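Everything on this sheet refers to the single structure shown next.
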Amino acid sequence: MDYKKELDKLTDNQREAVFDESNVCLVNANVGSGKTTVLISKIIYLHYVKQIDYCDMVVLTFTNKAANEIKERLTMLEENLNMEDLRFFGTFHSVALYLLRELLMVDQLGYQKDFFVIEPDEEVDIALRIIQEEKLKIKYKNRLKKRLEQERVSRYQDDLIELRERLQKEKVSQNKMTFSDLLLNTVHLLKEASITPKWVIIDEVQDSDKMQLEFIDALMNKNTRIFAVGDPNQVIYSWRGSAFNVFYTLKDRYQARELSLSVNFRSNISILEVAKCFLQNGGRLTGNRERGNKIIVKRQYDSFQEACYLADRIKEIHDTGIPYKEIAIFYRLQNQSTILENVFSKNGIPFDVSLKKTIQDIPVLNWTMKLLRFAMNEKDISSGIYVLSHKDYGERITEKAAAKLLKGCSDMSHLNHGDMFSIDLNFAEKEDFFEESLLQRMLSFRKRFSKVEIPEVDEIYQYFSFDTHLHPTAASYQEDKELVKELLRTLITYINEHKMSFLEGLQDFINSSSLYGVNILNKDINNEADTVKLMTLHASKGLEFSYVFIIGVNNGLIPLQAKSFEEEDEERRLLFVGITRAKDNLELSYYTNPDTYRTMAGESRFIRMIPKHLIESDDIERESVNLQELKRQILAEKNVKMDMIKNSDNSTKTLLEDNEVDVEDNQVEDSEVQVEKMNEEVEVREIHSTHNGNELLTPNELPVRKVSHAKYGIGTVTREDDLMITVLFKAYGKKEFMKAFSELKEE
DNA sequence: GAAGCCCCGTTTTTT
DNA sequence: ACGGGGCTTC
């Protein structure tokens, strides 16, 4: 049988995890160590060797992509595999949705079985409308989303708590659940239900948040077993709530056995040695490949010069026979891609940018989706109001008027659909308006299409008189019309594929577009295409390329300004993730003239964490590029410093003068030394930048307490209080420690 | 209601 | 560094 071949491919280490017999097993899997292979092999092993039915396993992932990958691999082993058997395989949210729809009593919470899943923005829209209607006092409406998530008690003495209660009721009455409602309600209802999976299997478990851990816990009974894989060194989403130290939490809660996979099969030794500099959990990371090329650190003038350089370099690489799709460029911020896009387009370099373009980002499609939502669910007042009052496509009425109009309708909802159109015409100026109105079309939509075979695109298009609403005179008309028709085509295809009736299929499509994202124009990054891939470091997780360029490794960009050490740690893991995407060649670059004020000139402290012998020297460039530029920078630094001296007291002045570099005398020194001196200057400036005004260092503090740290080496204490100590390390820069845990030794 | 002050956020993104 | 929003003061 084929499954044996799959299991034979495993290494001893991987085999141990797959064949493990403990009730709860956590696999601490290093980057590139075959995490997904182990997870899938475990499922195969349980199914084919241990004879566990697939439907006795709940397999949880974070992305649809990961879920699909697992399903595909299982289908490859068994072509006739019934997808119904894999009904508990999917993202946390899609499994929750399945449970709520098929197995749990949502009516206990006031919901109906055919509830809708809504986008996060829609919840805010609903909240804003409640605020308006109920005349609630809410401050900082522009950060309402964050406030609703975070504040358990109102921070600003307003009606936030009342709003949250009203919002909850409103969602129930409109029969809608947000993403977090899906998990929350499932956890709530599972307590009373008897759903008893034999196995709960979790991928990328380090990304779980509290709610997801509760979801796992709610699935557990005394015979349920857990198998989870993850990598604590790849936690890059803690800012959106992934629970702290999930491994420890789970291990403790279920008395789990922890196994680790330490061998990396992806990158060559040169790259792994660099990656190790950024490993924080002291874990072992070993490779099994050859040494390969040293990594390159390149200095660039600015992002435009760099884009031109990259265009040339990529052509060169491609000419050696490397396909474009083996080359990737990573950056910290989305907007860094624009300059690359422009320059690459001009130079004929094929590329794809990973952009999260969804239906809601395209106004006409957002409007159309809401129209369909209201047509399917007349309780969905907020969508109705949006559709009717939209300034471009709506009925040229205000939100208030639309709300009144809809209220009139829902008060009449005890009447059947046919009677509805005779209601309260005070709001509609003449009968004609109402008879032919979009509102009427939406309200009678379900009746009109209930007994119909799946209609043509044009039939739906005509029914809603889309042409009238898209305004043939408008500049965007042609484009809008194409988009709407494309959306409707996608819808019809979707319904045909799922072999459903029209209305059933439409309902499903509406929910899917929230939960799974419908790709209308294939805007998502196409991995098969032979193009250079441009993406953020975050988006690079889980991928691999032969050539990787990480650009903008400047302080203030990589790492982004960090407010706490937790944040700085996360920035470091983020660079670790980027570095470990590279199989054969890695190049880091930084700017000497960055385009934004937030970014500081010169290489990031992260680059200085890499020992020099691991880096292919860039000296030839440095020498030829410009001593002039260097000199200019040193002068600029000197001016900054002189300003500071003017603003500070005399004792500090004396101290700083000792460190000064006489630029004129140093012109003939080699550039290496000059760079070193410049770095010293920067360090002096950094000490100052964190101490404004009277907080400046006193002479007693500075000369000079040296301490040493196992990882960062010897450094100078720059600040100290009861709780914290700040040390400046030559190779790393400034680092804050909590005294209790710092393990610093006095020199 | 204009002027000035204070607080906060700025970035990454899946479902 | 800078802008938005809320609050206080005149």
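The chains referred to below are lettered A, B, ... by the order of the sequence lines, with proteins before strands, and numbering in each begins at 1. Computed from a predicted structure; not experimentally measured.
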What contact category does A:Y597 fall into here, base, sugar-phosphate, or nothing, at under 4.0 angstrom with non-hydrogen atoms? base
If you check the A:K139 side chain, which of C:dC7, B:dT13, B:dC8 turns out closest? C:dC7
Distance between P atoms of B:dT11 and C:dG5 (Å, rounded): 15 Å
Name the closest nucleotide to the A:T536 side chain, picking from B:dT10, B:dT12, B:dT15. B:dT12
Among B:dT10, B:dT11, B:dC8, the one nearest A:Y156 by side-chain distance: B:dC8
B:dT15, B:dT11, B:dT13: which one has an atom nearest the side-chain heavy atoms of A:H93? B:dT15
Distance in angstrom units between A:L543 CG and B:dT13 P, rounded: 13 Å
Measure from the side chain of A:T91, starting at C-beta and using heavy atoms only, and say which of B:dC8, B:dT12, B:dT15 lies closest. B:dT15
What I want to find out is whether A:K35 reaches A:D231 closely enough, with some N-O distance under 4.0 Å, to be called a salt bridge. no
Between A:N142 (CG) and B:dT10 (C1'), how many Å, whole number? 13 Å
Spacing between A:Y237 atom OH and B:dT11 atom C1', to the nearest angstrom: 12 Å
Is the aromatic ring centre of A:W239 closer than 5.5 Å to the centre of the six-membered base ring of B:dT12, with the two planes inclined by less than 30°? yes
Measure CD/A:E149 against C1'/B:dT14 and give the value in whole Å, please. 13 Å
For atom CZ of A:F330 and atom P of B:dT13, their distance in whole Å: 13 Å
Between A:N233 (side chain only) and A:L279 (backbone N and O only), is there a donor and an acceptor less than 3.5 Å apart? no
Report the distance from atom NZ of A:K141 to atom P of C:dG4, rounded to the nearest whole Å. 17 Å
For A:Q334, which contact category applies under a 4.0 Å heavy-atom criterion: base, sugar-phosphate, or nothing? sugar-phosphate
From the options B:dT11, B:dT15, B:dT14, select the nucleotide whose nearest atom is closest to the side chain of A:L515. B:dT15
May I ask you to say whether A:D207 pairs ionically with A:K541, meaning some side-chain N is under 4.0 Å from a carboxylate O? yes
Just the rounded figure in Å: distance from P of B:dT11 to CD of A:E566. 22 Å
Would you say A:R155 places a side-chain N or O within less than 4.0 Å of OP1 or OP2 belonging to B:dC8? yes
Quick one: which of B:dT12, C:dG4, B:dT11 gets closest to the side chain of A:L560? B:dT11
Closer than 4.0 angstrom, basic N to acidic O: yes or no for A:R332 and A:E571? yes
Starting from C1' on B:dT13, measure out to CD on A:Q212 and report it in whole angstrom. 13 Å
With rounding to whole Å, what would you report as the distance between B:dT12 and C:dG4 at their C1' atoms? 22 Å
Residue whose nearest DNA chain C nucleotide is more 5′ - A:R598 or A:Y140: A:R598
Salt bridge flag under 4.0 Å for residues A:R129 and A:E133: yes
Closest to the side chain of A:K146, out of C:dA1, B:dT10, B:dT15, is B:dT10
Is the cationic atom of A:R87 (NZ for Lys, CZ for Arg) positioned less than 6.0 Å from the six-membered ring centroid of A:Y54 and within 45 degrees of its normal? no
Could you tell me whether A:N64 contacts a base, only the sugar-phosphate backbone, or nothing, with contacts defined as non-hydrogen atoms closer than 4.0 Å? sugar-phosphate
Walking DNA chain B from its 5' end, the first of A:L333 and A:E119 to be reached, judged by nearest nucleotide, is A:L333
